[in-house]
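Take a look at the structure below.
Heavy atoms only: backbone and side chains are in, while hydrogens, waters and symmetry mates are out.
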Amino acid sequence: MIVSLGAGLLVGLAGPVAGKIDNPVCAAFGIVFSSGWPWACYAFLVGSFRRSKIESTLLASLGLAIGVVVYYVFKEMNPTIPVGMEAATSVPAGMEIGSGNSSQGQIVVWGLAAFVFGAPLGLMGNVARTPGFASVLFRLLVPFIAFVEATQRLRVEAASQGTVFAVTWNVTRVAACVVALALVGHAVWSRRVRRSRAEPRHRRTAPGS
């Protein structure tokens, strides 16, 4: 439990901390962890490492909520634009919160979103632990989210951002496709291995053998 919640805190710190370092690699790291798919990946992994479905849902939601609070509190204390970008992109375009005390507003909105979306993501991660080809669909969830978000970011924001932004999201799309293919390939290979091991046992136990 402590490890899961501590990881949520680190996810919240990763984006804004890396964005303050004047280095292209750190800038890319900050861009990625200021987006949505690594947070979805965190919730999914929390669920995949817990045996209990209830723990998977609760810890995923609570860890995401902690990450949201840490993320916006740190940004409020250190209001800098990530290196290599013309404007902060902590949320997708078109989903910005209105003016006023934006930090508190972001915490409330995304904190609630953490509880709403964290629970099903944690549950899906738990279900993905089940051996079998059917669970591959759940394992493909995070690569799918990463690909869709990268495509959306490039379509809407790439023209107004720097080179680091475009390169980061293009690499993310390619990596998402590679991971998805690897997951499908591993599932197919594992299924063939299980079948090849089951065939000799079936022959030994067959009538008249």
Side-chain angles (χ1 to χ4, degrees), residues 1-19 29-77 82 88-98 101-130 134-153 156 168-169 172-173 175-176 179-180 183:
M1 177 176 178
I2 295 177
V3 174
S4 299
L5 299 182
L9 185 148
L10 293 178
V11 169
L13 285 175
V17 170
F29 192 83
I31 291 170
V32 168
F33 276 88
S34 293
S35 62
W37 76 262
W39 297 67
C41 182
Y42 160 78
F44 186 88
L45 289 176
V46 168
S48 67
F49 283 105
R50 309 300 298 187
R51 294 185 178 181
S52 168
K53 289 181 173 57
I54 295 178
E55 287 185 356
S56 297
T57 56
L58 292 178
L59 289 178
S61 294
L62 185 56
L64 282 181
I66 291 174
V68 167
V69 173
V70 171
Y71 178 88
Y72 285 108
V73 167
F74 186 91
K75 290 190 68 175
E76 182 74 12
M77 296 172 61
T89 57
S90 60
V91 295
M95 297 182 64
E96 297 85 353
I97 307 301
N101 194 332
S102 59
S103 179
Q104 291 184 5
Q106 298 280 15
I107 289 175
V108 171
V109 170
W110 289 109
L112 291 175
F115 278 100
V116 172
F117 294 105
L121 284 168
L123 180 60
M124 290 179 187
N126 184 274
V127 174
R129 299 173 67 247
T130 305
S135 61
V136 175
L137 293 177
F138 293 99
R139 297 172 198 167
L140 291 174
L141 178 63
V142 173
F144 175 76
I145 292 174
F147 183 87
V148 171
E149 182 176 14
T151 301
Q152 180 70 5
R153 294 272 189 167
V156 176
T168 299
W169 286 113
T172 299
R173 286 206 300 183
V179 171
L183 289 172

Could you list the donor-acceptor pairs under 3.5 angstrom formed by side chains in residues 57-70, with sequence neighbours left out?
{"residue": "T57", "atom": "OG1", "partner": "K53", "partner atom": "O", "Å": "3.3"}
{"residue": "T57", "atom": "OG1", "partner": "I54", "partner atom": "O", "Å": "2.8"}
{"residue": "S61", "atom": "OG", "partner": "T57", "partner atom": "O", "Å": "3.2"}
{"residue": "S61", "atom": "OG", "partner": "F115", "partner atom": "O", "Å": "3.4"}
{"residue": "S61", "atom": "OG", "partner": "A119", "partner atom": "N", "Å": "3.0"}

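- For S135, the side-chain hydrogen bond (donor to acceptor under 3.5 Å, both in side chains) test picks out R139, with sequence neighbours left out.
- Put simply, CZ on F147 and CG on L140 are 13.0 Å apart, with the number rounded to the nearest 0.5 Å.
- Side-chain contact between V32 and W37: present, with at least one pair of heavy atoms (C-beta onward) separated by less than 4.5 Å.
- Remark: side-chain polar atoms of E55 are not paired, donor with acceptor, to backbone N or O of R50 under 3.5 angstrom.
- Residue K75 comes nearest to P16 through the heavy atom pair CG-CB, 3.8 Å, listed as atom of the first residue, atom of the second, then distance.
- For the atom pair OG1 of T168 and CZ of R153, the computed distance is 11.0 Å after rounding to the nearest 0.5 Å.
- A donor-acceptor pair is defined here as one N or O able to donate and one able to accept, closer than 3.5 Å; such a pair exists between the side chain of E149 and the backbone of G36.
- A43 approaches L121 most closely through the heavy-atom pair CB-CB, 3.8 Å.
- Applying the ring pair (Phe, Tyr, Trp, His ring centres under 6.0 Å) test to F33 and every residue at least two apart in sequence or in another chain returns F29.
- Side-chain contact check for Y71 versus W110: every heavy-atom pair is 4.5 Å or farther apart.
- Here the closest non-hydrogen pair linking F49 and R129 is N-CD, 4.4 Å.
- Here the closest non-hydrogen pair linking S56 and V46 is O-CG1, 4.4 Å.
- For the atom pair CZ (F138) and CG (L141), the distance works out to 9.0 Å, reported to the nearest 0.5 Å.
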